[in-house]
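Accompanying notes for the structure given below.
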Amino acid sequence: MITLTTTTSKKAKPMATTYLDLKAQIKALEEQAEELRKNELTSVIEDMKLKISEYGISAEELGFNVKPVTVYTPKPISQKIAEATNDKKPVEPKYANAVGKTWSGRGIAPKWVSEHIATGGKKEDFLIVKSE
């Protein structure tokens, strides 16, 4: 015949008698568990790093979906200009002087237009008239 005996420790807390007592004990245990986790975390991480290093384990082998890092590298200005000009048709000149120099009417006016305007002329004096 086997008899079971129970021994009680001096540190043992009395059993909860109500639902609220039990919830309070659960909360206290969760707080203790979190404190122990924090205390053990550093050594666990160090141990994991050591084993990963020793065995040459990659992030993919551990099941992590590692995406390659894409680094933005800006294009050189010359390449940007080349791409911008390749897609566009040249703008037809809108103004021309007697020597044959032309201007589309976009951007800063050329010197020959600016000088003419400065002397009281109009840019329309150079307007190219299209004949149909």
Side-chain angles (χ1 to χ4, degrees):
M1 176 184 233
I2 299 175
T3 57
L4 297 174
T5 59
T6 58
T7 59
T8 56
S9 169
K10 293 180 182 179
K11 292 183 181 179
K13 295 181 180 177
M15 291 285 294
T17 56
T18 67
Y19 172 74
L20 294 177
D21 290 340
L22 189 58
K23 284 193 64 108
Q25 284 182 357
I26 290 170
K27 183 178 178 186
L29 287 172
E30 286 175 343
E31 289 171 359
Q32 281 181 322
E34 182 59 25
E35 188 65 32
L36 288 172
R37 188 189 81 76
K38 286 179 184 177
N39 292 340
E40 295 173 11
L41 189 59
T42 303
S43 64
V44 169
I45 291 172
E46 287 175 7
D47 185 46
M48 292 170 79
K49 285 181 179 180
L50 179 65
K51 288 181 180 178
I52 287 170
S53 176
E54 285 176 350
Y55 290 92
I57 300 171
S58 70
E60 290 84 13
E61 290 175 314
L62 292 173
F64 297 111
N65 293 328
V66 179
K67 295 180 182 177
V69 176
T70 305
V71 178
Y72 171 74
T73 52
K75 294 178 183 178
I77 302 260
S78 58
Q79 185 178 356
K80 289 181 181 179
I81 292 171
E83 288 174 357
T85 56
N86 288 342
D87 294 343
K88 299 178 181 178
K89 296 178 184 177
V91 179
E92 291 187 31
K94 190 174 179 181
Y95 303 97
N97 68 2
V99 189
K101 292 184 179 180
T102 61
W103 177 47
S104 67
R106 295 184 182 180
I108 298 173
K111 188 174 182 180
W112 55 270
V113 174
S114 300
E115 289 174 351
H116 181 71
I117 293 171
T119 59
K122 298 178 185 175
K123 66 180 180 181
E124 286 75 19
D125 296 340
F126 298 113
L127 191 60
I128 298 173
V129 179
K130 292 185 180 181
S131 59
E132 293 182 38

Verify same cluster id: Tyr95, Ile117 (apolar side-chain graph, 4.5 Å) = yes
Without swapping roles, check the side chain of Ser43 against the backbone of Glu40 for a donor-acceptor pair under 3.5 Å.
-> yes
Looking at residues at least two apart in the chain, or sitting in another chain, which of them share a side-chain contact (heavy atoms from CB on, under 4.5 Å) with Ser114?
-> Ala109
Is the closest basic N to carboxylate O distance between Glu46 and Lys49 below 4.0 Å?
-> no
Would you please name every residue forming a side-chain contact (heavy atoms from CB on, under 4.5 Å) with Ile108, sequence neighbours left out?
-> none
With sequence neighbours excluded, residues passing side-chain contact (heavy atoms from CB on, under 4.5 Å) with Ala118 | none
The single option from Thr17, Leu22, Thr18 passing side-chain contact (heavy atoms from CB on, under 4.5 Å) against Leu20 | Thr18
Salt bridge (charged side-chain N to carboxylate O under 4.0 Å, His left out) evaluation trace for Lys51 with Glu54 = CA-CA 5 Å; Lys51 288 181 180 178; Glu54 285 176 350; over 6 Å; no
Going only through I, L, V, M, F, W and Y residues with side-chain contacts under 4.5 Å, is there a path from Ile45 to Tyr55?
-> no
Output a table of donor-acceptor pairs, distance under 3.5 Å, between side-chain atoms of residues 120-129 and any protein atom two or more places apart or on a different chain; print 'none' if there are none.
residue: Asp125; atom: OD2; partner: His116; partner atom: NE2; Å: 2.7
residue: Asp125; atom: OD2; partner: Lys122; partner atom: N; Å: 3.0

Who are the side-chain hydrogen bond (donor to acceptor under 3.5 Å, both in side chains) partners of Glu30, not counting sequence neighbours?
-> none
Sequence neighbours excluded, the answer for side-chain contact (heavy atoms from CB on, under 4.5 Å) partners of Ile52 is Ile57, Leu62
If you look at every heavy atom in Ser104 and Lys94, which pair is closest and at what distance?
-> O-CB, 3.4 Å
d(Leu36 CG, Glu31 CD) to nearest 0.5 Å is 12.0 Å
Take atom CD of Glu61 as the centre, draw a 6.0 Å sphere, and report whether it contains more than 12 heavy atoms from other residues, nucleotides or ligands.
-> yes
